[in-house]
There are 2 protein chains.
Amino acid sequence: MTQPSHVPASTQGQDFPDGSSGRERLLIAASREFSEVGFSAASIATIALKAGVGKSTVFHHFASKDELYLAVINQAAQEFGQQLDAVLSVSQDPLQTLENFQARHLEHIERNAEIARLVLRELLEPGSERAVSLVRDVLSANFSRLSGFIAEAADRGLIRKDVEPASAALLMLSANVLFFQARQVLAHLPGFELADKPADWTGCVADIVFHGIEQS
Amino acid sequence: MTQPSHVPASTQGQDFPDGSSGRERLLIAASREFSEVGFSAASIATIALKAGVGKSTVFHHFASKDELYLAVINQAAQEFGQQLDAVLSVSQDPLQTLENFQARHLEHIERNAEIARLVLRELLEPGSERAVSLVRDVLSANFSRLSGFIAEAADRGLIRKDVEPASAALLMLSANVLFFQARQVLAHLPGFELADKPADWTGCVADIVFHGIEQS
DNA sequence: GTCTATAATTCGATAGAC
DNA sequence: GTCTATCGAATTATAGAC
């Protein structure tokens, strides 16, 4: 009388890609749930229900709730990693590359706004152990790609050697994070005209940072 | 049997400066309460109790809970405004001034960490009307001082004219905000060595931004 | 502090793919 | 037969009420 075990029972009116596996549906459902209610309020039972699988299936694919959470964010980070590789592999002048990076990065966090908010909420939490894994296991890979690019440009003599590549990278990221977090209110800062022009903002930041670190 | 009404009845074990007025004690108590539990969870009754005044006294000094909240943050902003004037009025090379500004600003938000966290929590809230008043009525004054300084340096021919002063100012602020928000986890970013060296971080940012916008 | 409800996690078994 | 995805039931941890 039971459904064949490899077929989803019911997916509670949520839509999922055709032919998606249980694991894929779980990642999607978890992403939605975590984004909507935050980590602690999210329940494994609800996620399993929405994904149309049994609760124990969750633990077959992910060792724990924490790991599921990391997997959700990791997926978004991987997607950005793809774009990042594309941006950094094109051989052009470093300013152009930094501009591209900055624009793609802001687009990415705005497209994944819910997850981005979730991550930021986590980082704000003082002393969060999850935040540490998040940075170390998930975000650091993409961060290294950017700072690695800057370091390489320094090796080629295009960039000052007395500035830590990681610091320059972090400065660029901070600009995007603030823009994303505070976009609605930035328009009320006197003299700031770019609140509704993300592309101009990313261009401006890349420009300042590049000229700030270029070899003169 | 009751205490004379113009003398604080009881201040619930909290300490306040000697001779402080009811209004002053209210600001202090409100600052603590808002910081601890956030805006919506804070209760006027509790704040009044802690300040040792009646609840109606609160509404004598502040028209609403919102206004009390803004007054709390405004006070911290005013204090920073004092320091800011001191930094900007010293006549020295702009790089030195920017470095000083950046260092004082980070010190200020770290000293007022609870309030800063409160403000940031507010800005994160999507579509918060309070966040708009906050930026327009409280934060914009100090922001204008910084961007005004940069604009002036541009007039003196020390700074590129093709960069909006407000954008450069915002970039500097974003660096401090991220550092403050994520300090605990930045140490786990590969290659970033300044997580426990705030002075080096502010110096580095000021340096990059200055060279990024200086007239070459 | 105990009691209880809720949520996280583990266990054992089944069904299908190769 | 082994391997993997699945489920239902049983077990533990946790948080709040009393």
Side-chain angles (χ1 to χ4, degrees), chain A residues 1-79 81-82 112-140, chain B residues 12-13 32-47 49-50 114 117-118 120-121 124-125 184-185 188:
Chain A
M1 289 309 294
T2 59
Q3 300 256 358
S5 62
H6 62 291
V7 166
S10 122
T11 53
Q12 281 290 97
Q14 310 281 322
D15 46 15
F16 296 94
D18 288 349
S20 55
S21 70
R23 187 175 200 281
E24 289 165 338
R25 285 198 312 280
L26 273 170
L27 277 173
I28 295 168
S31 165
R32 289 174 186 158
E33 191 65 8
F34 283 136
S35 299
E36 279 165 26
V37 304
F39 177 82
S40 42
S43 113
I44 295 282
T46 306
I47 291 171
L49 187 68
K50 288 192 176 172
V53 302
K55 202 165 48 159
S56 32
T57 301
V58 179
F59 293 96
H60 172 72
H61 292 291
F62 308 96
S64 65
K65 188 180 174 182
D66 278 79
E67 203 172 280
L68 172 57
Y69 171 80
L70 286 179
V72 164
I73 294 167
N74 198 33
Q75 204 186 32
Q78 299 279 356
E79 282 168 31
Q82 306 285 316
N112 299 279
E114 298 299 322
I115 293 181
R117 238 178 283 279
L118 188 62
V119 170
L120 290 173
R121 204 191 299 181
E122 197 71 57
L123 298 185
L124 263 174
E125 214 67 49
S128 158
E129 188 49 49
R130 246 191 324 282
V132 174
S133 341
L134 215 119
V135 168
R136 221 191 17 222
D137 305 336
V138 179
L139 306 179
S140 66
Chain B
Q12 283 291 94
R32 290 174 185 159
E33 191 64 9
F34 283 136
S35 300
E36 280 165 23
V37 303
F39 178 81
S40 40
S43 111
I44 294 281
T46 305
I47 292 171
L49 187 67
K50 287 191 175 174
E114 297 301 321
R117 237 178 283 278
L118 189 63
L120 290 172
R121 202 191 300 182
L124 263 174
E125 215 66 49
Q184 306 89 347
V185 294
H188 298 90

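No hydrogens, no waters, no symmetry mates; every other heavy atom, side chains included, goes into these values. In what follows, chains are A, B, ... by sequence order, proteins preceding strands, each numbered from 1.
Candidate nucleotides C:dA8, D:dT6, D:dC7 were compared by shortest atom distance to the side chain of A:V53, and D:dC7 ranks first.
Rounded to whole angstrom, the span from the CZ atom of A:F59 across to the P atom of C:dT10 amounts to 7 Å. Rounded to a whole Å, the CG atom of A:L49 is 14 Å from the C1' atom of D:dC7. Going from atom OH of A:Y69 over to atom P of C:dT9 covers 15 Å, rounded to whole Å. Between A:R25 atom CZ and D:dA5 atom P the separation is 13 Å, expressed in whole Å. The NZ-C1' distance, from A:K65 to C:dA8, rounds to 8 Å in whole Å. One can place CZ of A:R23 at 15 Å from C1' of D:dT6, the figure rounded to the nearest angstrom. Spacing between atom CG of A:L26 and atom C1' of D:dT4 amounts to 15 Å, rounded to whole angstrom units. Residue A:E67 contributes atom CD, which lies 11 Å from atom P of C:dT10 at whole-angstrom precision.
Both the sub-6.0 Å distance and the 45° axial angle are satisfied by A:K65 relative to the ring of A:F39.
At D:dA5, one or more side-chain N or O atoms of A:H60 fall inside 4.0 Å of OP1 or OP2 (strictly under the cut-off).
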Between the protein and nucleotides 9-14 of chain D, are there any N/O to N/O pairs under 3.5 Å, and if so, what are the atom names and distances?
none

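Residues in residues 113-140 of chain A take part in no ring-ring contact (aromatic ring centres under 6.0 Å, His included) pair, two or more places apart or across chains.
Contact annotation for A:A42: backbone-only contact, meaning every heavy-atom pair under 4.0 Å involves sugar-phosphate atoms and none involves a base.
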Apply side-chain contact (heavy atoms from CB on, under 4.5 Å) to A:E33 and A:K50, showing your working.
CA-CA 9 Å; A:E33 191 65 8; A:K50 288 192 176 172; 2.9 Å; yes

side-chain contact (heavy atoms from CB on, under 4.5 Å), that's the test. Do A:L68 and A:F59 meet it? Break it down for me.
CA-CA 9 Å; A:L68 172 57; A:F59 293 96; over 6 Å; no

With side-chain contact (heavy atoms from CB on, under 4.5 Å) as the criterion, how do B:V185 and A:L139 come out once you've worked through the C-alpha distance, each side chain's angles and the decisive distance to 0.1 Å?
CA-CA 11 Å; B:V185 294; A:L139 306 179; over 6 Å; no

Go through it in stages, so that I can follow the logic: the residues are A:R23 and A:F62, the test is side-chain contact (heavy atoms from CB on, under 4.5 Å), and I'd like the CA-CA distance, side-chain angles, deciding distance and then a yes or no.
CA-CA 9 Å; A:R23 187 175 200 281; A:F62 308 96; 3.5 Å; yes

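At least one side-chain heavy atom of A:V132 sits under 4.5 Å from a side-chain heavy atom of A:E129.
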